[in-house]
Protein chains: 2
Amino acid sequence: MGITERRIRQKEEVRHRILETAWQIVREEGWQALSIRKIADAIEYSVPVVYDHFENKEAILEDFSRQGFELLVKKLQAAKKKSDDPATQLKHMADAYWQFAMHNREYYQLMYGLGMACCEMQKCAPKEQIFTDLVMEPIQRILDKHGNKEASPCIKYHTYWSVMHGLISIKMVADSGELNKMVLDDAIAGFIKNLEK
Amino acid sequence: MGITERRIRQKEEVRHRILETAWQIVREEGWQALSIRKIADAIEYSVPVVYDHFENKEAILEDFSRQGFELLVKKLQAAKKKSDDPATQLKHMADAYWQFAMHNREYYQLMYGLGMACCEMQKCAPKEQIFTDLVMEPIQRILDKHGNKEASPCIKYHTYWSVMHGLISIKMVADSGELNKMVLDDAIAGFIKNLEK
DNA sequence: CTAATTTTGCTAACAGTGTTAGGTAAAACA
DNA sequence: TGTTTTACCTAACACTGTTAGCAAAATTAG
């Protein structure tokens with residue numbers, strides 16, 4: 001009885017085309033230009049069909065957000081593997097984070113934009129956990145190596161994260177040109193030096 | 001001939017009521033709940049009257065954004081005046097920035113939210129200049145005092161700004177509780193220490 | 001092979017949004 | 001008093017997300 005299988009496959013294909021089309025619209029016109037009707041037109045179906053695959057518009061955005069987090073985690077993991085030295089790992093991850101944001105602006109805007117992030121971050125607790133592990137571990141190693149027992153690794157983790165996010169988010173909204181990767185490198189270098197004290 | 005004067009005053013009053021009402025809606029229901037029709041209903045005028053005072057909705061938001069920046073600059077200036085020591089000034093300003101963001105969430109969301117900031121920051125070049133002066137000067141003084149000639153004050157300025165913004169913006173979207181003012185203090189302390197090297 | 005049932009997809013609407021064209025009544029001026 | 005300006009409103013346009021209800025097609029059961 002391969003009939004139902006075929007139907008599921010067909011349904012999956014429409015779902016895929018919705019996401020594909022939506023992504024194309026976002027790339028060409030930005031997030032705020034994305035509408036259900038535009039998607040429906042592009043995939044040559046009527047509007048309610050879109051609602052057969054996604055509960056609402058937010059569900060589509062959440063899907064992209066999830067994709068974005070998965071890609072980012074992969075990039076960060078790959079960056080971390082490039083070295084065994086914790087300080088170098090933190091530098092490489094900052095580099096990867098910067099690259100991700102610059103080459104996937106649409107993802108980044110969605111993931112950390114005001115619209116979604118508040119809802120998304122809490123739902124993505126496991127993903128947040130990955131981030132924590134990824135960053136906390138090298139921080140802890142540096143603190144241990146230098147016998148820095150006063151510093152809280154949790155606070156340091158948030159500091160590291162904030163420095164990266166702050167730089168990139170400012171870069172995104174007010175790309176002044178002066179704000180290049182040197183600033184991030186400087187900030188991360190300062191952060192690491194402060195860990196070693 | 002005080003007639004025209006009175007009419008100007010009346011017109012100004014309606015404009016003021018529009019802003020007042022809009023602000024109330026934002027406080028009670030958030031930015032995304034603000035609509036022209038709601039404003040019109042609340043001030044007991046028809047919709048087009050709103051457009052006699054503001055070219056469009058964005059103009060209303062820009063007005064709030066301007067208010068926000070003015071208030072923030074005042075707070076930063078006041079914080080800076082509390083001390084003559086440049087490091088203490090940077091700390092006090094970070095403190096004031098944090099306080100501003102926490103006690104004026106609506107302003108902060110608008111000023112640095114994805115929607116406006118891109119358009120706003122460029123228009124507000126003079127305001128940006130104030131920020132630059134406010135922060136760049138103590139940074140330069142610290143660098144000079146410690147004979148740190150390699151470091152670029154421009155890069156340092158952006159670093160300082162990014163650390164603050166990053167922390168607060170993450171706090172805004174994912175208020176985890178762990179992310180408190182201690183993190184900011186830690187980050188700023190590290191930043192200053194790195195200036196003195 | 002026919003009849004019942006599920007699935008699929010559509011039209012059309014609802015309740016919003018920002019924005020504007022066009023007309024009317026009131027106020028100010030000559 | 002007549003003319004012109006101003007103030008204001010109704011009604012619409014072109015969108016948005018979302019859903020109710022119906023018709024046709026595909027699948028399943030008898």
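All chains are named by letter (A, B, ...) in the order of the sequence lines, taking the proteins before the strands, and each is independently numbered beginning at 1. Remember, it's a predicted structure, so these values are computed and weren't measured experimentally.
For residues 25-45 of chain B, every residue pair satisfying the ring pair (Phe, Tyr, Trp, His ring centres under 6.0 Å) rule, not counting sequence neighbours, is listed here: B:W31-B:F64.
Take A:Y108 and apply the ring-ring contact (aromatic ring centres under 6.0 Å, His included) test, not counting sequence neighbours, and it matches A:Y97, A:Y112. With sequence neighbours excluded, the residues that form a side chain to side chain contact (heavy atoms under 4.5 Å, CB included) with A:H146 are A:I142, A:E196. For the salt bridge (Lys or Arg N to Asp or Glu O under 4.0 Å) test, no residue two or more places apart in sequence or in another chain qualifies with B:E12. Among residues two or more places apart in sequence or in another chain, the side chain to side chain contact (heavy atoms under 4.5 Å, CB included) test is passed with A:A59 by A:F54, A:N56. Every residue two or more places apart in sequence or in another chain that forms a side chain to side chain contact (heavy atoms under 4.5 Å, CB included) with B:D186 is listed here: A:I155, A:K156, A:T159, A:N194.
Contact check of residues 34-47 of chain A against DNA chain D (heavy atom, cut-off under 4.0 Å) returns A:L34, A:S35, A:I36, A:R37, A:V47. For the contact set between residues 20-33 of chain A and DNA chain D, defined by any heavy atom under 4.0 Å, there are no members.
Between B:K74 and B:E70 no salt bridge is recorded (no basic side-chain N to carboxylate O distance below 4.0 Å).
Note on B:R6: a side-chain N or O is less than 4.0 Å away from OP1 or OP2 of C:dA28.
Here the nucleotide nearest the side chain of A:P48, chosen from D:dA26, C:dT11, D:dC8, is C:dT11. With distances taken from any side-chain atom of B:Y51 to the nucleotides D:dT18, C:dG18, C:dA28, the minimum falls on C:dG18.
A straight line from CG of B:N56 to P of D:dA14 spans 20 Å, rounded to a whole angstrom.
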N/O donor to acceptor pairs below 3.5 angstrom from side-chain atoms of residues 83-94 of chain B, sequence neighbours left out:
{"residue": "B:S83", "atom": "OG", "partner": "B:D85", "partner atom": "N", "Å": "3.0"}
{"residue": "B:D85", "atom": "OD2", "partner": "B:T88", "partner atom": "N", "Å": "3.1"}
{"residue": "B:D85", "atom": "OD2", "partner": "B:T88", "partner atom": "OG1", "Å": "2.6"}
{"residue": "B:Q89", "atom": "NE2", "partner": "B:S83", "partner atom": "O", "Å": "2.9"}

